[in-house]
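Hydrogens, waters and symmetry mates are skipped; everything else that's a heavy atom, side chains included, is used.
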Amino acid sequence: MVAPVADKVILPLDTGNTGKKIRTQTRVVGADTVHEHFFIPISKDSITGVYRAHSGILTIPSAAHNGTTTGHLWFQNPTTGTRIARLRRLAETVQVISGAIDLTAPRQLYSLFTFTGAASGATLTPAKRDSNDAAPTCDIRTAVTGMTPTLGGTFRHCGIPAINATLASATIQVNLIPIVSEPHITEADAAVIIRPGQGIILWSADASTTANRRLFSDWTWEEFEP
């Protein structure tokens, strides 16, 4: 097979041309000034802001949550919202705060839900990526008050270790980065999308013998105009 040979295309003079223009950058190669194509990765969406929120201390309960009336946190896009949210990152830290023996390993699930009503529970205060970003439309509620949710599918879990003497005061860090499983799927395309009237709940799906473990959850999401 013949090796490729570097070449160039000579364009018409810049003046007097009324057709579409192609953005390029110039570089001197030998005796010629050539035009090189370059690519600037941009989102096809009109992103209005990127936001991060921290859960504070979440105690793993002895009784399992049901995912609708009981849970840890409710991330919600109001039914009256005009933007779409894209979940970018989740990070969890699990901490054992007692040496009591508890051989259960209760799952902490991130599940989708739809809802009616208007959320009125207390909210977490998010941090903006940029102070010029618009105020977020979505928020994370610490109570389900005002919403009537219908639980959907689960897309993520955080495992809670059992307690024994060697795990007293242990801390375990778990991180989630969206997994891109196919070469043609971008990270943005792989992320979870939350539209108005939809949300994500973090809840404890299994019963535990004691309430001696804690969970900290960090969220990052962006919002964009549809």
Side-chain angles (χ1 to χ4, degrees), residues 23 25 38-58 71-95 108-115 118-147 149 152-158 171-203 214-226:
R23 187 176 179 184
Q25 64 183 10
F38 66 101
F39 299 91
I40 303 175
I42 60 174
S43 173
K44 64 181 181 299
D45 304 313
S46 178
I47 296 175
T48 57
V50 179
Y51 313 94
R52 297 177 176 87
H54 172 65
S55 66
I57 298 173
L58 303 174
H72 290 302
L73 298 172
W74 288 263
F75 175 91
Q76 62 98 29
N77 191 341
T79 57
T80 56
T82 59
R83 301 182 200 149
I84 297 174
R86 180 185 287 120
L87 183 63
R88 280 296 197 177
R89 294 286 189 277
L90 291 171
E92 303 94 20
T93 301
V94 177
Q95 186 178 58
Q108 308 305 296
L109 303 184
Y110 292 88
S111 302
L112 302 173
F113 69 90
T114 57
F115 68 95
S120 57
T123 61
L124 301 180
T125 301
K128 294 181 180 181
R129 168 200 59 176
D130 185 330
S131 60
N132 288 331
D133 284 348
T137 294
C138 302
D139 54 47
I140 301 177
R141 303 276 171 166
T142 59
V144 72
T145 312
M147 293 186 289
T154 296
F155 66 91
R156 163 76 175 169
H157 88 283
C158 175
T171 300
I172 299 173
Q173 178 76 35
V174 182
N175 292 297
L176 167 67
I177 297 177
I179 296 173
V180 181
S181 58
E182 298 293 339
H184 62 280
I185 298 178
T186 66
E187 180 181 306
D189 290 334
V192 177
I193 298 294
I194 302 298
R195 299 180 181 276
Q198 300 176 348
I200 299 169
I201 179 178
L202 171 57
W203 59 295
R214 304 194 299 190
L215 173 68
F216 308 87
S217 180
D218 295 317
W219 303 59
T220 301
W221 76 95
E222 66 187 13
E223 297 179 8
F224 60 92
E225 303 287 353

Return the minimal non-hydrogen interatomic distance between Ala85 and Asn77, and the atom names on each side. N-ND2, 4.0 Å
For Thr137 and Glu223 the tightest heavy-atom approach is N-OE1, 2.8 Å
Would you call Ile194 and Leu112 a side-chain contact if the rule is heavy atoms closer than 4.5 Å? yes
Distance check, rounded to the nearest 0.5 Å: Thr93 atom OG1 versus Leu215 atom CG? 8.0 Å
Mind checking whether Tyr51 and Arg129 have side chains closer than 4.5 Å, heavy atoms only? no
Work out which heavy atom in Glu225 is nearest to a heavy atom in Thr82; give both atom names and the distance. OE1-O, 3.6 Å
Does any non-hydrogen side-chain atom of Trp221 lie less than 4.5 Å from one of Pro126? yes
Straight-line distance of Ile140 CD1 to His72 NE2, nearest 0.5 Å: 13.5 Å
Once you round to the nearest 0.5 Å, how far does CZ of Phe115 lie from CD of Gln198? 9.0 Å
For the student: nearest non-hydrogen atoms of Cys158 and Glu92, plus distance: SG-CB, 3.8 Å
Decide yes or no for Arg86 and Asp45: does some side-chain heavy atom of the first lie under 4.5 Å from some side-chain heavy atom of the second? yes
Taking atom OG1 of Thr220 and atom CZ of Arg89, what is their separation to the nearest 0.5 Å? 7.5 Å
Under the 3.5 angstrom rule, does the side chain of Ser55 hit a backbone N or O of Ser217 as a donor-acceptor pair? yes
Qualifying residue, where the test is side chain to side chain contact (heavy atoms under 4.5 Å, CB included) with Leu73 and the options are Val144, Leu58, Ile200, Ile201: Leu58
Roughly how far, to the nearest 0.5 Å, is the NE2 atom of His54 from the CG atom of Asp218? 5.5 Å
Please check if atom CZ in Arg195 has more than 12 non-hydrogen atoms from other residues, nucleotides or ligands closer than 6.0 Å. no
Between OG1 of Thr123 and CG of Asp139, what distance do you get to the nearest 0.5 Å? 6.0 Å
For the residue pair Phe155 and Tyr110, categorise the inter-ring angle as parallel (less than 30°), tilted (30 to 60°) or perpendicular (more than 60°). tilted
Can you name the nearest heavy-atom pair linking Arg83 to Ala134, along with the distance? NH2-CB, 3.6 Å
Does Trp203 have any side chain to side chain donor-acceptor pair (under 3.5 Å) partners at least two apart in sequence or in another chain, and if so, which? Ser111
Is the shortest side-chain heavy-atom distance between Leu202 and Leu90 below 4.5 Å? no
Nearest heavy atoms of Leu87 and Ala191, plus distance in Å: O-CB, 3.2 Å
